[in-house]
Protein chains: 2
Amino acid sequence: MNIPVEPSQNPPLEHDHKKCVSEALDTAEQLCVVRGVQLTPIRHQVLELIWASHKAVKAYELLDRIKPQMDAAKPATIYRALDFLIEQGLIHRVESLNAFVGCNCSAHQHEQLLLICNNCQDVEERSAPKVMQALALEIKQADFIVHSKAIEIQGVCAKCTKTISDQS
Amino acid sequence: MNIPVEPSQNPPLEHDHKKCVSEALDTAEQLCVVRGVQLTPIRHQVLELIWASHKAVKAYELLDRIKPQMDAAKPATIYRALDFLIEQGLIHRVESLNAFVGCNCSAHQHEQLLLICNNCQDVEERSAPKVMQALALEIKQADFIVHSKAIEIQGVCAKCTKTISDQS
DNA sequence: ATGATGAGTGTTATAATATAACACTCACTT
DNA sequence: AAGTGAGTGTTATATTATAACACTCATCAT
């Protein structure tokens, strides 16, 4: 009666990704109901495709992936869905990659730090309260009014470092 | 014998922008000599164009602006110069705008926080040591190896806030 | 019921951003 | 004098994103 072991390619090592996805989609659905906005089939599908992994996905990759199910899909189809999902805080736009990744923090404060692995492409969200605190102070000192924040760190994640060093 | 008053459009309110530019270019020249790399005429010109303001400039804007002096300029001309300038830490790429801005911190630590004004488009660099410290700690806790950082805050700068409220 | 409205989508076209690939020059080396 | 590497010229093309306009359909006021 066990869920079969996943091929377990890249997504985080020991995590139940199905749960990950279903939780994200459930939360998204609930949030949209509460907010009185529509998570239409297209938007839902795009969100699901983004959550297929923890990697940042490009808009045109999404387009390719959605085409089998939606032959009519065009760039605007994707970009509109992405705009909606970003507005609702359901995904992050990864500015330094021109790509998109699922967001776990939609319900809470949406602004997080992104750790982007250049090896496996996984993006980890971290709320990093200390950083945000220091940042808020710095911004206040500059008399600056914030609209949005992008804090993106590129490098190599812990898993990849381990994997690489294990190979030697 | 005074320097004539500048039209003073947008660039920061009370600052001597000529000095700003000449210092930046001097520093760049010196750094390139020290490092044994070539700040060729094209690269110098692009750097100068970027320093024409404190706004983030798009690659194709640079292309348009360099054409009067360099009819042969093509996208590659600009992108190559930009690549060089970024490698040398002489400019920042502003990820959230796909644009470029002069960097004052080339000689020191290059990683800074960028405050991007959506009203006047000026970009302010801040070293924000407290933020960087907290960030370093957070990254260490995540066992992440950093290659590069982008910390970009969009909003309205102090000057614009003041100007706008003065109008009321 | 009727038609006005607005959100969402379909569709075509095009704008804006960025890179690949190959040829050429020129200074410097061997 | 040939070999090398950095920088540039040039053409073509890939990638990312938006504009503009038409259509559908549910909702709502008349």
Side-chain angles (χ1 to χ4, degrees), chain A residues 28-29 32-33 35-47 49-50 55-88 90-101 116 121 150 152 154, chain B residues 28-29 32-33 35-47 49-50 55-88 90-101 116 121 150 152 154:
Chain A
E29 284 159 19
C32 287
V33 170
R35 295 175 182 170
V37 296
Q38 300 180 56
L39 191 60
T40 62
I42 292 178
R43 291 165 177 177
H44 191 281
Q45 253 182 92
V46 170
L47 184 57
L49 284 172
I50 288 174
K55 302 183 195 321
V57 196
K58 303 265 181 178
Y60 279 73
E61 283 176 34
L62 291 170
L63 183 54
D64 289 343
R65 291 190 199 160
I66 212 173
K67 266 182 182 159
Q69 309 155 62
M70 261 202 68
D71 200 42
K74 300 271 179 334
T77 315
I78 298 298
Y79 280 105
R80 283 167 180 160
L82 291 171
D83 286 347
F84 171 85
L85 296 170
I86 288 169
E87 263 170 33
Q88 296 303 319
L90 300 172
I91 61 173
H92 292 284
R93 181 184 159 82
V94 184
E95 301 290 354
S96 52
L97 297 177
N98 295 331
F100 306 86
V101 74
I116 304 160
Q121 280 73 58
E152 305 182 358
Q154 303 222 15
Chain B
E29 284 159 20
C32 287
V33 171
R35 293 175 183 169
V37 295
Q38 301 180 54
L39 190 59
T40 61
I42 291 178
R43 292 165 177 177
H44 191 281
Q45 253 182 94
V46 170
L47 184 57
L49 285 173
I50 289 175
K55 302 181 195 322
V57 197
K58 302 266 182 179
Y60 279 73
E61 283 176 35
L62 291 169
L63 183 53
D64 289 342
R65 292 190 198 157
I66 212 173
K67 267 182 181 160
Q69 309 154 61
M70 260 202 71
D71 200 43
K74 301 269 178 337
T77 315
I78 298 297
Y79 281 105
R80 283 167 180 160
L82 290 171
D83 286 348
F84 171 86
L85 295 170
I86 288 169
E87 263 171 32
Q88 297 302 321
L90 300 172
I91 62 174
H92 292 285
R93 180 184 161 84
V94 184
E95 302 289 356
S96 52
L97 298 178
N98 295 332
F100 306 86
V101 74
I116 303 160
Q121 279 76 58
E152 305 183 0
Q154 303 223 13

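Every chain is numbered from 1 and lettered A, B, ... according to where its sequence line falls, protein lines coming before strand lines.
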Please confirm whether the shortest side-chain N or O distance from B/Lys58 to OP1 or OP2 of C/dT17 is below 4.0 Å.
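Affirmative; the distance criterion is met.
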
Strictly below 4.0 Å: does B/Asn98 bring a side-chain N or O up to OP1 or OP2 of C/dA16?
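No, because none of the side-chain N or O atoms of B/Asn98 sits under 4.0 Å from OP1 or OP2 of C/dA16.
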
Which whole-number value in Å describes the distance from [X] [atom1] to [N] [atom2]?
X: B/Glu61; N: C/dA15; atom1: CD; atom2: C1'; answer: 14 Å
X: B/Leu62; N: C/dT17; atom1: CG; atom2: P; answer: 11 Å
X: B/Leu63; N: C/dA18; atom1: CG; atom2: P; answer: 12 Å
X: B/Asp83; N: C/dT19; atom1: CG; atom2: P; answer: 7 Å

Of all the heavy-atom pairs spanning [X] and [Y], show the shortest one and how long it is.
X: B/Ile78; Y: B/Ala59; answer: CG2-O, 3.7 Å
X: B/Val94; Y: B/Ala56; answer: CG2-CB, 4.1 Å
X: A/Thr77; Y: A/Ala72; answer: OG1-O, 4.5 Å

Along DNA chain D, first and last positions that approach a heavy atom of chain B under 4.0 Å
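Footprint of chain B along DNA chain D, 5' to 3': D/dA6 to D/dT11.
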
If only atom types and distance count, is the side chain of [X] paired as donor or acceptor with the main-chain N or O of [Y] below 3.5 Å?
X: A/Arg43; Y: A/Gln38; result: yes
X: B/Arg35; Y: B/Gln88; result: yes
X: B/Lys58; Y: B/Leu97; result: yes
X: B/Glu152; Y: B/Glu95; result: yes

Please walk me through it: do A/Ile86 and A/Phe100 pass side-chain contact (heavy atoms from CB on, under 4.5 Å)?
CA-CA 9 Å; A/Ile86 288 169; A/Phe100 306 86; 3.8 Å; yes

Dump the intermediate steps for side-chain contact (heavy atoms from CB on, under 4.5 Å) on A/Arg65 and A/Val57, then the final yes or no.
CA-CA 11 Å; A/Arg65 291 190 199 160; A/Val57 196; 3.9 Å; yes

List the steps and the verdict of side-chain contact (heavy atoms from CB on, under 4.5 Å) for B/Leu39 and B/Leu85.
CA-CA 9 Å; B/Leu39 190 59; B/Leu85 295 170; 4.2 Å; yes

Report yes if the side chains of A/Leu62 and A/Ile50 come closer than 4.5 Å at any heavy-atom pair, otherwise no.
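They are in side-chain contact.
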
Bend angle of the helix from C/dA1-D/dT30 to C/dT30-D/dA1, end axes from five pairs each (to 10°):
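Its terminal axes enclose an angle near 10°.
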
At less than 3.5 Å, do the side-chain atoms of B/Tyr60 and the base atoms of C/dA15 form a donor-acceptor pair?
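Side chain to base: no pair below 3.5 Å.
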
Which residues, if any, of residues 67-79 of chain A bring a heavy atom under 4.0 Å of DNA chain D?
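A/Pro75, A/Tyr79 - these, ordered by number, are the residues of the stretch whose heavy atoms sit under 4.0 Å from the strand.
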
